[in-house]
**Q** 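Quick one: structure below, then a few questions.
Just so you know, ligand 1 is whichever comes first in the structure, and atom 1 is the first atom listed for that ligand. In this chain, numbering begins with 1 at the start of the sequence shown.
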Amino acid sequence: MDRIYLSPPHMDGIEFDFLRDAYESNWIAPLGPHVDAFEQEFGQTIGVEHAAALSSGTAGLHLALLQHGIGPGDSVMVSSLTFSATANAVVYTGASPVFVDSEPASWNMDPDLLADELEDRATAGKLPAAVVVVDIYGQPADYDRILPVCEEYGIPVIEDAAEALGAEYKGRSVGGFGRCGVFSFNGNKIITTSGGGMLVSDNAAMVQETRFLSTQARDAAPHYEHSTIGFNYRMSNLLAAVGRGQLQVLEERVEARRRVFDSYVDRLAALPGIGFMPEPPWARSTRWLTCVTIEPGEFGATREDVRLALEAENIEARPLWKPMHLQPVFADCEMAGGDISARLFEQGLCLPSGSALSDDQIDRITDIIATRVSR
Ligand SMILES: *Cc1c(COP(=O)(O)O)cnc(C)c1O
């Protein structure tokens with residue numbers, strides 16, 4: 001049987017027309033007309049005024065933090081349930097991450113816990129320099145509860161929407177809630193350029209500065225003049241061409257991922273001990289990955305039993321992100337709460353969720369879970 005991957009790239013065909021144009025025009029560079037057009041079309045799609053195309057989402061997070069003056073001696077509060085890139089970007093600047101647990105309703109940063117923590121830190125005179133909120137697995141965080149708390153203390157919010165392109169919070173696209181938002185086009189994301197990222201903001205100066213910093217910070221001069229340390233973080237014109245094609249089918253991809261999620265619910269929800277990632281009333285998740293929780297006492301097997309049973313049939317499933325506060329590399333970092341994300345990791349499994357996944361493939365997966373693992 002062919003391997004079923006967790007979240008493989010899903011090309012449409014139109015990418016190839018853009019790519020051919022990029023090739024034939026000889027714009028084989030980390031700039032060019034497709035980069036400009038991709039930025040513009042991307043901003044329009046999500047309703048944010050300005051966008052800068054980058055080599056990765058991680059690069060976007062790094063530049064976002066640097067532009068908020070984050071550096072050695074600072075702390076930055078970060079959702080613990082995330083991919084390491086969110087926390088790594090904080091460390092690149094020399095600052096220290098402080099992790100915040102999830103709320104059960106969305107699995108994103110718990111706004112009450114954040115409020116308590118900020119109050120304590122304000123009293124102690126050690127407020128964080130920024131808060132990075134993650135929209136996990138395509139689900140928006142609860143911005144109407146997070147933003148006012150941060151505003152109260154004048155703390156900027158940066159949105160890590162790497163997994164959530166196409167998601168909406170109360171009818172508005174994610175990415176535009178913080179001072180800036182960051183997306184990823186890595187190969188496993190909802191649309192892809194193989195690798196790439198985008199920083200978006202309504203602040204024109206910040207996006208302009210992002211373009212400057214991501215192209216080695218060259219001052220305006222005929223020779224190479226530098227008064228700042230720059231980075232080589234810009235997106236290639238070839239990859240932007242792919243991205244333009246992918247962006248045209250974004251809504252179809254979101255619909256397909258949501259359909260995949262619903263199909264799993266139809267086939268598995270009746271099994272004892274199986275739960276699904278919730279979707280709060282204010283959220284339209286993209287269901288980037290279908291996440292289930294498996295309570296071993298009720299289900300009769302652990303999430304690891306299920307994962308191994310699927311792997312034995314050449315099907316890729318993965319545990320949820322291991323929270324950052326449980327990672328050896330961040331063992332010395334501070335943490336607010338922790339039980340919720342720890343239990344999600346213990347019981348949570350991401351099932352194959354590609355937008356091209358067929359009903360037959362979903363049947364193959366759910367049959368294994370329903371008949372071979374549970375008893
Ligand atoms: C993928 C991802 C990133 C990093 O994006 P890259 O483009 O792979 O650098 C950052 N944060 C989260 C939550 C992600 O899932």
Side-chain angles (χ1 to χ4, degrees), residues 5-9 30 38 42 51-66 76-93 97 99-100 102 106-109 130-141 157-167 174-175 177-178 180-200 210 214 231-236 239-240 242-243 246-247 253 257 277 285-291 318-325 327 329-330 341 344-345 348 350 353-354:
Y5 290 98
L6 187 70
S7 180
F38 187 34
F42 192 89
L54 301 168
S55 55
S56 70
T58 310
L61 290 167
H62 188 195
L63 295 184
L65 290 160
L66 287 176
V76 176
M77 298 190 87
V78 179
S79 312
S80 186
L81 186 68
T82 187
F83 177 52
S84 62
T86 321
N88 285 346
V90 173
V91 176
Y92 297 164
T93 68
F99 299 111
V100 183
S102 303
S106 70
W107 297 9
N108 285 313
M109 184 183 282
V131 173
V132 181
V133 179
V134 180
D135 302 313
I136 204 73
Y137 296 121
Q139 173 120 285
V157 172
I158 294 165
E159 196 179 342
D160 181 350
E163 301 178 359
L165 178 57
V174 297
F177 288 94
C180 61
V182 173
F183 292 92
S184 167
F185 311 115
N186 190 30
N188 62 355
K189 298 291 177 8
I190 196 154
I191 65 168
T192 184
T193 60
S194 76
M198 193 76 81
L199 184 148
V200 301
T210 300
S214 64
F231 301 85
N232 185 3
Y233 278 173
R234 198 74 161 124
M235 178 180 279
S236 141
L239 301 188
V242 174
Q246 286 268 286
L247 193 60
R253 297 295 185 258
R257 298 248 178 187
M277 185 175 185
S285 170
T286 61
R287 302 298 191 184
W288 171 54
L289 296 183
T290 290
C291 304
R318 292 264 182 99
L320 295 200
W321 298 127
K322 182 175 182 180
M324 293 304 113
H325 72 282
Q327 298 287 356
V329 71
F330 298 121
S341 55
L344 286 172
F345 172 61
C350 303
S353 307

**Q** Report yes if some heavy atom in the side chain of Phe177 is under 4.5 Å from a heavy atom in the side chain of Val157; otherwise report no.
**A**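 Of all side-chain heavy-atom pairs linking Val157 with Phe177, none is under 4.5 Å.
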**Q** Under 3.5 Å, N or O to N or O, is Thr82 touching ligand 1 that way?
**A** no
**Q** Numbering the atoms of ligand 1 from 1, which are under 4.0 Å from a heavy atom of Ala162?
**A**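 Here the atoms of ligand 1 in question are 2 (C), 3 (C), 10 (C), 11 (N), 12 (C), 14 (C).
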**Q** With a cut-off of 4.0 Å, which atoms of ligand 1 are near a heavy atom of Gly196?
**A** 7 (O)
**Q** How long is the straight-line distance from CE of Met324 back to CG of Leu81, given to the nearest 0.5 Å?
**A**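 Answer rounded to 0.5 Å: 8.0 Å.
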**Q** Decide whether an N or O pair under 3.5 Å exists between Thr58 and ligand 1.
**A**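 Yes, since at least one N or O of Thr58 sits under 3.5 Å from an N or O of ligand 1.
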**Q** Can the ring centres of Phe231 and Tyr92 be said to be less than 6.0 Å apart?
**A**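 No, they do not, as the ring centres are separated by 6.0 Å or more.
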**Q** At a 4.0 Å threshold, what atoms of ligand 1 neighbour a non-hydrogen atom of Ser56?
**A**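 The atoms of ligand 1 under 4.0 Å from a heavy atom of Ser56 are 7 (O), 9 (O).
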**Q** Quick check: does Phe185 get an N/O under 3.5 Å from an N/O on ligand 1?
**A** no
**Q** Can you check whether Asp160 has an N/O within less than 3.5 Å of an N/O in ligand 1?
**A**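 Right, the criterion is met.
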**Q** Among all the protein's non-hydrogen atoms, which is closest to atom 2 (C) of ligand 1, and how far away is it?
**A** Lys189 NZ, 2.9 Å
**Q** Looking at side-chain heavy atoms only, is the closest gap between Phe183 and Val174 below 4.5 Å?
**A**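 With C-beta onward as the side chain, the pair touches.
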**Q** Do Trp288 and Asn188 have side-chain heavy atoms sitting under 4.5 Å apart?
**A** yes
**Q** Around atom 15 (O) of ligand 1, find the nearest protein heavy atom and jot down its residue, atom name and distance.
**A** Glu163 OE2, 2.6 Å
**Q** Could you check Trp107, Phe345, Phe83 and say which one makes a side-chain contact (heavy atoms from CB on, under 4.5 Å) with Trp321?
**A**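 Exactly one candidate clears the test, Phe83.
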**Q** Below 4.5 Å, heavy atoms only, C-beta onward: do Pro97 and Phe330 meet side chain to side chain?
**A** yes
**Q** Are the side chains of Met109 and Val133 in contact, using a 4.5 Å heavy-atom criterion?
**A** yes
**Q** Taking only non-hydrogen atoms of Ala89, do any sit less than 4.0 angstrom from ligand 1?
**A**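 Contact absent.
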**Q** Can you sort out which atoms of ligand 1 are near Ala85, meaning under 4.0 Å from one of its heavy atoms?
**A** 3 (C), 4 (C), 10 (C)
